[in-house]
Amino acid sequence: MLQNITIIGAGTIGLSFCALHLSSSPTIIITIHDPRPDLLQHIQILLPTYLPSTSPSVPALLTSGRLILAPTLSSACTPSTHLVQEQGPETHPFKSTLWPQIEALVSPSCYLWSSTSGIPASAQSQHMKAPERLLVVHPFNPPHIMPLVEIVPGPSTPQELVEVAREYFQRIGHRPVVIQKEKKGFVANRLAFVLLREACSLVQEGVVRVEDVDAIVENSVGLRWGIKGPFASYHDGGGAGGLRAFLENVGKTVKEAWADGEGNIEGPWEETVVAQTEEAYGKVTKESLVERDRITRRVLEAIRSEKEAIAREKKERAPVV
């Protein structure tokens, strides 16, 4: 049971995770360590924006002892700490220096997680006595809302440590995905950064403006991939023949677009992704397409409704001239 959790770093990711952990159980105790001199004021201002409306206030959490501010690393990481989760500066020297210090302070059974955006556990843990203890749990910002958590073990991380993280995030309603190999930027960021690079390139070439790129993504692939990912979506796009039929039909255009940008993929990738897609999703059916469209319409309705409500609230708050 992860009862006593220490958060290292009170930036946006750290406070968002703090809110997520506090919301997951009424008995969890969170200790926050951050060297900033205005830590109390910083938390009092920002943490309420991450906490649900039903949560106790920050002063109440502090008074009850469910939220503790630790002035030193040694007071934050103790033998009674069950989990240390780090969200510090995104630099290798910082993280590789920090983890041996934490390792020396906590018990051998304490779980050690880093929420790094791209520095592998094997690189961070190089000075630890037991580097296999360190596990990357990379969220998509903000983690108190976005369900994805990429769990990225190092080469020697025991499977049981991976399972503890996977089961914890699954239990609190998130969507953990175990990444099979360490890769710079992991998976979600690599996918996002490829799209960002192409968007920047198209803007630089004068093909489209920034706001139009955003409109295109928000009203097409962003919406679609929030309901079904790229493989499932293009599997649907191939009709009865699935992804195989889709690639046979428009694969030439796909490869031409790739050649004009990042370049084509080496090796027999098509059969690999088609086989895995067919294994994962089976045949495309009328029922699956109806379900997709039903969810899509509901999501569109929710977006439209919330935007209209926010616009009304802004109008009501606007000063009368």
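We number each residue from 1, following the sequence as shown.
One distance of note links CG of Leu112 with CE of Met128; it measures 5.0 Å at 0.5 Å rounding. Atom CZ of residue Phe186 and atom NZ of residue Lys181 lie 15.5 Å apart, to the nearest 0.5 angstrom. Distance CG/Leu73 to CD1/Ile8: 5.5 Å, rounded to 0.5 Å. Atom CZ of Arg171 and atom OG of Ser25 lie 7.0 Å apart (nearest 0.5 Å). In this structure, Leu62 CG and Leu67 CG are separated by 4.5 Å, a value rounded to the nearest 0.5 Å. If you take CD1 on Ile29 and OG1 on Thr81, they are separated by 10.5 Å, rounding to the nearest 0.5 Å.
Using a 4.5 Å heavy-atom cutoff, the side chains of Ile68 and Ser75 are not in contact. Under the 4.5 Å side-chain criterion, counting only non-hydrogen atoms from C-beta, Gln85 is in contact with Ser115. Contact check for Pro120 versus Val136: no side-chain heavy atoms found under the 4.5 Å cut-off. At least one side-chain heavy atom of Asn141 sits less than 4.5 Å from a side-chain heavy atom of Ile13. Inter-residue side-chain proximity for Tyr168 and Ser24 is flagged as met; some heavy-atom pair is nearer than 4.5 Å. Counting only heavy atoms from C-beta outward, the side chains of Leu15 and His42 approach each other to under 4.5 Å. Between Ser23 and Ser55, the closest side-chain pair of non-hydrogen atoms is not below 4.5 Å. Proximity of Leu191 to Leu195: side-chain heavy atoms (C-beta onward) are nowhere separated by under 4.5 Å.
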### Query
Where do Leu61 and Leu51 land on the side chain to side chain contact (heavy atoms under 4.5 Å, CB included) test, with the steps shown first?
CA-CA 11 Å; Leu61 289 167; Leu51 290 169; 4.0 Å; yes
### Query
Hey, mind stepping through Ser233 and Arg292 against side chain to side chain contact (heavy atoms under 4.5 Å, CB included) and telling me if it holds?
CA-CA 9 Å; Ser233 291; Arg292 176 202 64 189; over 6 Å; no
### Message
Walk me through whether His127 and Thr97 qualify under side chain to side chain contact (heavy atoms under 4.5 Å, CB included).
### Response
CA-CA 7 Å; His127 302 307; Thr97 301; 5.7 Å; no
#### Entry: Test log, rule side chain to side chain contact (heavy atoms under 4.5 Å, CB included), inputs Cys18 and Ile32
CA-CA 8 Å; Cys18 175; Ile32 298 178; 3.9 Å; yes
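Put simply, the side chain of Asn249 never gets that close to the backbone of Ala245: no donor and acceptor are under 3.5 Å apart. Looking only at distances, a side-chain donor or acceptor of Glu182 sits under 3.5 Å from a matching main-chain atom of Ala121. Of the possible donor and acceptor atoms, none in the side chain of Ser305 sits under 3.5 Å from a partner among the backbone N and O of Glu301. Looking only at distances, a side-chain donor or acceptor of Thr63 sits under 3.5 Å from a matching main-chain atom of Pro59. A side-chain donor-acceptor contact under 3.5 Å links Glu90 to the backbone of Gly118. Under the 3.5 Å distance criterion, the side-chain polar atoms of Thr277 are left unmatched by any main-chain donor or acceptor of Phe231. Looking only at distances, a side-chain donor or acceptor of His235 sits under 3.5 Å from a matching main-chain atom of Leu243. A donor-acceptor pair under 3.5 Å is formed between the side chain of Thr116 and the backbone N or O of Ile119. Ser288 places no side-chain N or O within donor-acceptor distance of the main-chain N or O of Val284, the cut-off being under 3.5 Å. Judged by distance alone, with hydrogens and angles left aside, the side-chain atoms of His21 form no donor-acceptor pair with the main-chain N or O of Ile30 at under 3.5 Å.
The aromatic rings of Tyr50 and His144 stand perpendicular to each other, their planes meeting at an angle above 60°, with 30° marking the opposite boundary.
A salt bridge does not link Glu270 with Arg244: none of the charged nitrogens is closer than 4.0 Å to a carboxylate oxygen. Taking 4.0 Å as the cut-off between side-chain N and carboxylate O, Lys252 and Glu256 count as a salt-bridged pair.
Between Gln276 and Thr272, the side chains place no donor N or O within less than 3.5 Å of an acceptor N or O (distance only, hydrogens not considered). No side-chain N or O of Gln126 forms a donor-acceptor pair with one of Ser96 less than 3.5 Å apart.
Counting heavy atoms of neighbouring residues, nucleotides and ligands inside a 6.0 Å radius, atom CD of Glu160 exceeds 12 of them.
Listed by chain and number, the residues in a salt bridge (charged side-chain N to carboxylate O under 4.0 Å, His left out) with Glu291 amount to none (sequence neighbours excluded). Thr49 meets the side-chain hydrogen bond (donor to acceptor under 3.5 Å, both in side chains) test with no other residue; sequence neighbours excluded. Checked against side-chain hydrogen bond (donor to acceptor under 3.5 Å, both in side chains), His138 has the following partners two or more places apart in sequence or in another chain: Glu150, Asn189. Residues meeting the side-chain hydrogen bond (donor to acceptor under 3.5 Å, both in side chains) test with Ser114, sequence neighbours left out: Glu86, Gln124. In this view, Glu163 and Gln159, Arg166 satisfy the side-chain hydrogen bond (donor to acceptor under 3.5 Å, both in side chains) rule, not counting sequence neighbours.
In summary, of the residues considered (Lys283, Lys228, Arg224), a salt bridge (Lys or Arg N to Asp or Glu O under 4.0 Å) with Asp236 occurs for Lys228 alone.
Taking the six-membered ring for Trp and the full ring otherwise, Trp113 and Phe169 have centroids separated by under 6.0 Å.
Here Ile227 sits in one hydrophobic cluster together with Leu223, Ile295, Val299, Leu300, Ile303; the rule is ILVMFWY side chains under 4.5 Å apart, joined directly or through other members.
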